[in-house]
Amino acid sequence: MTERISPSTGFAPLYCGMYPELATLVREHGYALAVHGSLQRDFDLICIPWVAEPSEPDVVVTAITETFSVQRVGDPDTTHHGRKRWTLAISFGECFMDLSFMPKLMPSA
């Protein structure tokens, strides 16, 4: 008989436990927060502008690092479709959050 091996949950339980408070904080700054990815290695999140004048992404990232036990890792980069992305280290283990912000559209004249 072959032994069944269950897949590792990775850090998914930790990440799922963080989501409600992160979503609340991000919403207060005018963004909707969406999860993508497997949650196995890191916590991939997308902030989507949801109001006419959301906070600047750097302001939101600062609010997160001041509220939660996370630290910025390096500088943000710009990736596909103009998303600005920060990597944040969660205070213990090998837990990381990749936090991307969709660009704000400028109102047409």
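Predicted, not measured: the structure shown is a model, and the values here were computed from it. Note that the numbering runs from 1 along the sequence shown for the chain.
For the atom pair Asp44 CG and Met97 CE, the distance stands at 10.5 Å (nearest 0.5 Å). Taking OG of Ser100 as the reference point, atom NE2 of His81 lies at 12.0 Å (rounded to 0.5 Å). Taken to the nearest 0.5 Å, the CZ atom of Arg85 stands 11.0 Å off from the CD1 atom of Ile46.
Taken together through direct or relayed side-chain contacts under 4.5 Å among Ile, Leu, Val, Met, Phe, Trp and Tyr, Phe43 and Met102 form parts of separate hydrophobic clusters. Taking hydrophobic clusters as Ile, Leu, Val, Met, Phe, Trp and Tyr residues chained together by side-chain heavy-atom distances below 4.5 Å, Val61 shares a cluster with Val35. The hydrophobic cluster containing Trp86 also contains Tyr19, counting ILVMFWY residues as joined when their side-chain heavy atoms lie under 4.5 angstrom apart, directly or transitively. In the hydrophobic cluster analysis, where Ile, Leu, Val, Met, Phe, Trp and Tyr join through side-chain heavy atoms closer than 4.5 angstrom, Val60 is grouped apart from Val51.
The 12-atom threshold is exceeded at NZ of Lys104, counting heavy atoms of other residues, nucleotides or ligands nearer than 6.0 Å. Shown here is Gln71, whose CD atom has more than 12 heavy atoms of other residues, nucleotides or ligands within 6.0 Å.
Every ring pair (Phe, Tyr, Trp, His ring centres under 6.0 Å) that Tyr31 has, sequence neighbours left out, goes to Phe101.
Within the 4.5 Å cutoff, the side chain of Phe68 has no heavy atoms near those of the Leu88 side chain. For the pair Ile90 and Tyr15, the minimum side-chain heavy-atom distance is below 4.5 Å. With contacts defined as side-chain heavy-atom distances shorter than 4.5 Å, the pair Met18/Glu21 does not qualify.
Taking all atoms of both residues into account, the shortest heavy-atom contact from Pro49 to Pro103 is CG-O, 3.9 Å. Shown here for Cys16 and Leu39, the closest heavy-atom pair between the two residues is SG-CD1, 3.9 Å.
Salt-bridge check for Arg72 with Asp58: passed, with a basic side-chain N closer than 4.0 Å to an acidic carboxylate O.
One N or O on the side chain of Thr65 and one on the backbone of Thr62 form a donor-acceptor pair closer than 3.5 Å.
Each of Val70, Leu33, Leu22 was compared with Leu99 under the side chain to side chain contact (heavy atoms under 4.5 Å, CB included) criterion, and only Leu33 meets it.
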Stepwise side-chain contact (heavy atoms from CB on, under 4.5 Å) test for Thr24 and Arg27: CA-CA 5 Å; Thr24 298; Arg27 188 178 316 115; 4.0 Å; yes
